[in-house]
Amino acid sequence: MTHLHIEPTVTESPDRRDEKVVYWHRELPPLAAEPMDEHSIEATSGRVPGTIAHRDELWDRCYAELMANATARLTQEVTRLGGHYAHVHDESIDTRHDDAAGETWLRGRFSYVLFRKATQKP
């Protein structure tokens with residue numbers, strides 16, 4: 001397994017346009033946000049023919065697709081679980097192979113803390 005650094009991403013969803021939802025690693029959600037629970041998701045890239053070992057272009061394409069899929073999944077889960085932000089604190093990305101089909105892809109597992117906006121106190 002390989003651990004990779006992911007750059008911060010601004011995520012938009014239909015009900016949260018221009019509001020940041022996903023915070024990666026050292027980036028923190030708003031200070032007043034309240035932690036709810038810890039969760040994890042898995043995401044994959046699309047499959048490509050052959051192996052992506054030593055093929056930078058295919059790796060980059062699969063990695064970009066994996067990160068886009070992970071960001072979309074995180075945004076969906078934040079909404080589904082009733083939160084407002086996800087702080088990804090751990091990730092594991094590995095290469096998968098289907099020798100029968102001659103295909104390779106990336107699979108990632110992302111652990112995060114779900115946060116909600118701070119409740120207003122009277």
Search all heavy atoms of [X] against all heavy atoms of [Y] and return the closest pair with its distance.
X	Y	answer
C62	G46	SG-O, 4.0 Å
W59	L106	CZ3-CD2, 3.3 Å
E91	F110	CB-CD2, 3.6 Å
N69	S45	ND2-CA, 4.2 Å
A70	I41	O-CD1, 3.9 Å
L114	G83	CD1-CA, 3.9 Å

Drop me the distance from D94's CG to H97's NE2, to the nearest 0.5 angstrom.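 Nearest 0.5 Å value for the CG-NE2 distance: 9.0 Å.
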Name all pairs fulfilling the salt bridge (charged side-chain N to carboxylate O under 4.0 Å, His left out) condition that reach into residues 63-80, sequence neighbours left out, sorted by first residue then second.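 Matches after skipping sequence neighbours: E77-R80.
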Kindly write out the residues that satisfy side chain to side chain donor-acceptor pair (under 3.5 Å) with [X], not counting sequence neighbours, or none if the list is empty.
X	value
E38	H89
R109	S40, E42
D98	R47

Going by atom types alone, do E27 and H87 pair a side-chain donor with an acceptor below 3.5 Å?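 H87 and E27 do not have a side-chain donor-acceptor pair below 3.5 Å.
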With a 4.5 Å cut-off on side-chain heavy atoms, are L74 and W24 touching?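 Answer yes - side chains close enough.
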Would you say the side chain of M67 lies within less than 4.5 Å of the side chain of I93, judging by non-hydrogen atoms?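 I93 vs M67: side chains touch.
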Are Y23 and L28 connected in the hydrophobic side-chain network, where two residues link if heavy atoms are under 4.5 Å apart?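 Not linked; separate clusters.
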Salt bridge between K117 and E34, side-chain N to carboxylate O under 4.0 Å?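 Result for this pair is no, no salt bridge flagged.
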After noting the C-alpha distance and the side-chain angles of L81 and M36, does the key distance pass the side-chain contact (heavy atoms from CB on, under 4.5 Å) rule? CA-CA 10 Å; L81 295 170; M36 296 172 67; 5.8 Å; no
Could you work out, with ring-ring contact (aromatic ring centres under 6.0 Å, His included) as the rule, every residue matching H39, not counting sequence neighbours?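 Only Y112 meet the ring-ring contact (aromatic ring centres under 6.0 Å, His included) criterion with H39.
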Go through the steps to decide whether V21 and Y85 satisfy the test side-chain contact (heavy atoms from CB on, under 4.5 Å), and finish with yes or no. CA-CA 5 Å; V21 175; Y85 314 110; 5.6 Å; no
